[in-house]
Amino acid sequence: MSTYNTIYNIVRQIPRGKVATYGQIADLANLYGKARLVGYALYRVDKNSDIPWQRVINAKGEISYSPLRHGADYLQKTLLEQEGIKFNSAGKINLKEYLWHPSRDMLHGTILSSLDL
DNA sequence: GAAATGACCACGA
DNA sequence: GTCGTGGCCATTT
């Protein structure tokens with residue numbers, strides 16, 4: 001379970017009011033080109049978990065809607081709006097403004113040693 | 001152990 | 001700008 005735990009730990013680092021893309025998370029987890037794994041990992045996350053899963057969106061700046069999520073996708077939009085993140089008319093987020101800018105402490109690879117459980 | 005599953009991304013047309 | 005295609009691989013059944 002190490003790979004998923006790494007992903008979860010990175011997601012926990014996303015500050016309130018910011019968002020990150022799947023590819024970005026994959027990059028930080030030293031999983032360049034394996035962005036799908038991030039999505040798969042988050043699919044397993046429980047809504048009651050301490051992981052801010054709502055702050056992870058796709059590369060288009062949109063929430064990934066899917067019927068398999070029991071409406072969690074719509075909940076995600078609500079949670080993000082409560083954090084002050086705005087959606088445009090197309091339901092997209094302005095990544096230029098809200099995209100998380102990871103600190104140098106967690107540049108790829110480095111985060112593994114500091115967050116490994 | 002094999003097959004199915006799954007919130008994606010980069011690229012070309 | 002949209003749309004289709006290929007590649008990616010850990011976890012679960």
Side-chain angles (χ1 to χ4, degrees):
Chain A
M1 303 180 101
S2 56
T3 302
Y4 277 16
N5 274 328
T6 304
I7 293 171
Y8 297 148
N9 287 329
I10 292 171
V11 174
R12 288 195 189 94
Q13 309 309 313
I14 306 174
R16 185 172 179 274
K18 295 281 183 178
V19 296
T21 66
Y22 296 95
Q24 199 173 15
I25 300 297
D27 211 357
L28 292 170
N30 213 2
L31 296 170
Y32 177 75
K34 308 173 191 173
R36 296 182 94 176
L37 295 180
V38 178
Y40 308 157
L42 288 175
Y43 177 73
R44 311 277 197 240
V45 174
D46 199 63
K47 273 190 293 187
N48 296 333
S49 168
D50 61 326
I51 301 171
W53 52 269
Q54 70 270 19
R55 295 178 192 148
V56 183
I57 59 177
N58 61 27
K60 304 169 206 156
E62 239 292 302
I63 293 172
S64 293
Y65 291 98
S66 170
L68 302 175
R69 293 183 19 185
H70 190 270
D73 39 13
Y74 290 94
L75 173 63
Q76 180 173 9
K77 185 185 177 191
T78 300
L79 291 172
L80 290 177
E81 285 175 336
Q82 286 178 355
E83 294 191 356
I85 296 175
K86 299 172 188 173
F87 292 77
N88 69 9
S89 53
K92 295 180 186 171
I93 293 173
N94 185 346
L95 290 178
K96 281 288 189 180
E97 185 168 1
Y98 295 110
L99 187 63
W100 176 42
H101 199 313
S103 69
R104 57 194 174 282
D105 293 334
M106 42 188 76
L107 292 179
H108 89 202
T110 307
I111 191 170
L112 295 177
S113 53
S114 60
L115 295 179
D116 187 42
L117 292 179

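Side chains included, hydrogens not; waters and symmetry mates left out as well; all remaining heavy atoms used. By convention in this document, chain letters (A, B, ...) are assigned in the order of the sequence lines, proteins followed by strands, and residues within each chain are numbered from 1. Keep in mind the model is a prediction, meaning the values are calculated, not measured.
The side chain of A/Leu37 approaches C/dC9 more closely than any other nucleotide in the set C/dT11, B/dC8, C/dC9. With B/dA7, B/dC9, C/dT11 as the choices, the nucleotide that has an atom nearest any side-chain atom of A/Thr21 turns out to be B/dC9.
Atom-to-atom, OH of A/Tyr32 to P of B/dC11 comes out at 7 Å; the value is rounded to the nearest Å. The separation between A/Ile63 atom CD1 and B/dC8 atom C1' is 15 Å, rounded to whole Å. Between the CG atom of A/Leu68 and the C1' atom of B/dA4 there is a distance of 14 Å, given to the nearest Å. One interatomic measurement links the two molecules: OH of A/Tyr65 to C1' of B/dC8, which rounds to 17 Å at whole-angstrom precision. The interatomic distance linking A/Lys77 (NZ) with B/dA7 (C1') rounds to 17 Å, in whole Å. Atom CZ in A/Arg36 sits roughly 11 Å away from atom P in B/dC9 (whole-Å rounding). Nucleotide B/dC8 holds its P atom 9 Å from the NZ atom of A/Lys60, rounded to whole Å. The nearest whole Å value for the distance from the NZ atom in A/Lys34 to the P atom in B/dC8 is 18 Å.
For the OP1/OP2 pair of B/dA7 and a distance below 4.0 Å, the side-chain nitrogens and oxygens of A/Ser66 include at least one atom meeting the criterion.
Shortest non-hydrogen contact noted between A/Ala29 and A/Thr6 is CB-CG2, 4.0 Å. The two residues A/Gln76 and A/Val56 make their nearest non-hydrogen contact at NE2-O, 3.0 Å.
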What do the steps show when you test A/Gln54 against A/Lys77 for side chain to side chain contact (heavy atoms under 4.5 Å, CB included), and what is the final call? CA-CA 8 Å; A/Gln54 70 270 19; A/Lys77 185 185 177 191; over 6 Å; no
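Figure legend: A/Lys92 and A/Phe87 shown without cation-pi pairing, the cationic atom not lying both under 6.0 angstrom from the six-membered ring centre and within 45 degrees of its axis.
Positionally, the nearest nucleotide of DNA chain C for A/Gly33 lies more toward the 5' end than for the other of A/Arg44 and A/Gly33.
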